[in-house]
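Got a structure here, written out as structure tokens. Questions coming.
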Amino acid sequence: MTATQQSIASVRIAAAAADRLKAGDIAAYDVTVPVAITEIMLVVTASNERQVLAVAQEIEKDLYLKDGHREPLAREGLEEAQWVLLDFGDFVVHVMHEDAREFYALDRLWGDCPSIDLELPEHPDDDADAAVSDGDRAEATAPDAHAE
């Protein structure tokens, strides 16, 4: 058994909301085989507590507006804002601070499960920054030899 198309469509809405707020390492796993109570786990990373809360709120808002007024059945972690869990029944969203994601390693836990293509847009600006070599940086920041 695999995740339903409706669950995948909902998770894509949630992932797009997280991506829009610059969440990182967005991954979704089809957990229908090892977990009987849900179909998909969506895991996203935020760099600080404020971003954790903002991403969780944006995901909730988009699912409400774009997915038939869908609301989570349960919310956990809003007080600490290190790991916010949004349970939508057929899928669970984990918005995690970088440190929490590294410590709990949920990707390792579900790494054997099939990944779900979230159809997120590429971010060419990220690739362009990585493509600049150290030599190019040094050249760009070196003082002009002709300046007086």
Side-chain angles (χ1 to χ4, degrees), residues 1-138 140-141:
M1 183 181 217
T2 60
T4 64
Q5 287 303 311
Q6 177 56 47
S7 296
I8 293 170
S10 297
V11 165
R12 286 177 176 155
I13 292 169
D19 186 57
R20 204 170 46 254
L21 289 188
K22 308 293 186 209
D25 299 324
I26 302 171
Y29 301 97
D30 181 337
V31 296
T32 52
V33 173
V35 181
I37 58 173
T38 194
E39 297 178 20
I40 301 171
M41 297 289 182
L42 175 65
V43 186
V44 306
T45 302
S47 59
N48 57 57
E49 289 84 359
R50 184 176 291 172
Q51 188 184 22
V52 168
L53 293 174
V55 169
Q57 184 177 33
E58 189 74 4
I59 289 169
E60 280 195 59
K61 181 188 82 165
D62 275 15
L63 287 168
Y64 184 83
L65 295 174
K66 299 176 181 179
D67 198 24
H69 297 241
R70 185 179 266 250
E71 294 185 69
L73 304 173
R75 292 176 193 91
E76 298 291 334
L78 295 173
E79 298 80 28
E80 297 84 16
Q82 288 289 310
W83 178 356
V84 172
L85 183 143
L86 303 171
D87 182 353
F88 289 92
D90 54 333
F91 64 95
V92 177
V93 177
H94 302 268
V95 182
M96 304 180 81
H97 187 284
E98 293 168 341
D99 297 336
R101 179 133 182 204
E102 184 178 335
F103 181 80
Y104 290 103
L106 296 183
D107 298 282
R108 193 174 61 220
L109 178 65
W110 298 314
D112 292 337
C113 297
S115 294
I116 294 173
D117 179 8
L118 297 171
E119 299 179 353
L120 294 173
E122 294 293 323
H123 297 289
D125 292 342
D126 296 341
D127 295 337
D129 291 342
V132 175
S133 71
D134 290 334
D136 292 340
R137 279 193 199 106
T141 58

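Quick caveat: nothing in here was measured; it's all calculated off a predicted structure.
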Task: Test side-chain contact (heavy atoms from CB on, under 4.5 Å) applied to Thr38 - qualifying residues, sequence neighbours left out - done: Val31, Val35, Met41, Val92

Task: Ile8 and Gln5, any side-chain heavy atoms less than 4.5 Å apart - done: yes

- [ ] List the atom of Ala14, the atom of Ile59, and the distance in Å for their closest heavy-atom pair.
- [x] O-CG1, 3.5 Å

Open item on the list: Restricting to side-chain contact (heavy atoms from CB on, under 4.5 Å), what partner residues turn up for Gln57, sequence neighbours left out?
Closed with: none

Task: Residue list, side-chain contact (heavy atoms from CB on, under 4.5 Å) with Ala27, at least two apart or on another chain - done: Tyr29, Arg101, Asp107

- [ ] Looking only at non-hydrogen atoms, find the nearest pair between Glu39 and Ser7 and report the distance.
- [x] OE1-OG, 2.9 Å

Open item on the list: Show every salt bridge (charged side-chain N to carboxylate O under 4.0 Å, His left out) that has at least one partner inside residues 77-91, sequence neighbours left out.
Closed with: Arg70-Asp90

Open item on the list: So, using ring pair (Phe, Tyr, Trp, His ring centres under 6.0 Å) as the criterion, who are the partners of Tyr64 when residues are at least two apart?
Closed with: His69

- [ ] Please report the closest heavy-atom contact between Leu73 and Phe88, naming both atoms and the distance.
- [x] CD1-C, 4.0 Å

TODO: Could you grab the distance from atom CG of Leu86 to atom CZ of Phe91, nearest 0.5 Å is fine?
DONE: 8.5 Å

Open item on the list: Could you report the tightest heavy-atom contact between Ala56 and Val84, atom names first, then the distance?
Closed with: CB-CG1, 3.7 Å

Task: Closest heavy-atom pair and its distance - Leu42, Ala15 - done: CD2-N, 4.0 Å

- [ ] Determine whether Arg12 and Asp117 make a side-chain contact, defined as any pair of heavy atoms from C-beta on separated by less than 4.5 Å.
- [x] yes

TODO: Compute whether any side-chain donor of one residue and acceptor of the other, for Asp67 and Ser10, lie under 3.5 angstrom apart.
DONE: yes

Task: Val44, Leu21, Thr45 screened by side-chain contact (heavy atoms from CB on, under 4.5 Å) with Val95, the one that passes - done: Val44

TODO: Mind checking side-chain contact (heavy atoms from CB on, under 4.5 Å) for Asp99 and listing every partner two or more places apart, or none if nothing turns up?
DONE: His97

Open item on the list: Restricting to non-hydrogen atoms, name the atom on Ala28 and the atom on Ile40 that form the minimum distance, rounded to 0.1 Å.
Closed with: CB-CG2, 4.1 Å

Open item on the list: Which residue is it: Glu76, Met96, Arg75? I am looking for the one with a side-chain contact (heavy atoms from CB on, under 4.5 Å) to Leu85.
Closed with: Glu76

Task: Any side-chain heavy-atom pair of Asp25 and Val43 under 4.5 Å - done: no

Task: Donor-acceptor pair, side chain of Asp30 and main chain of Pro114, under 3.5 angstrom - done: no

Open item on the list: Are the side chains of Glu49 and Gln82 in contact, using a 4.5 Å heavy-atom criterion?
Closed with: yes

TODO: With rounding to the nearest 0.5 Å, note down the distance linking CD1 in Ile26 to CG in Leu120.
DONE: 5.5 Å

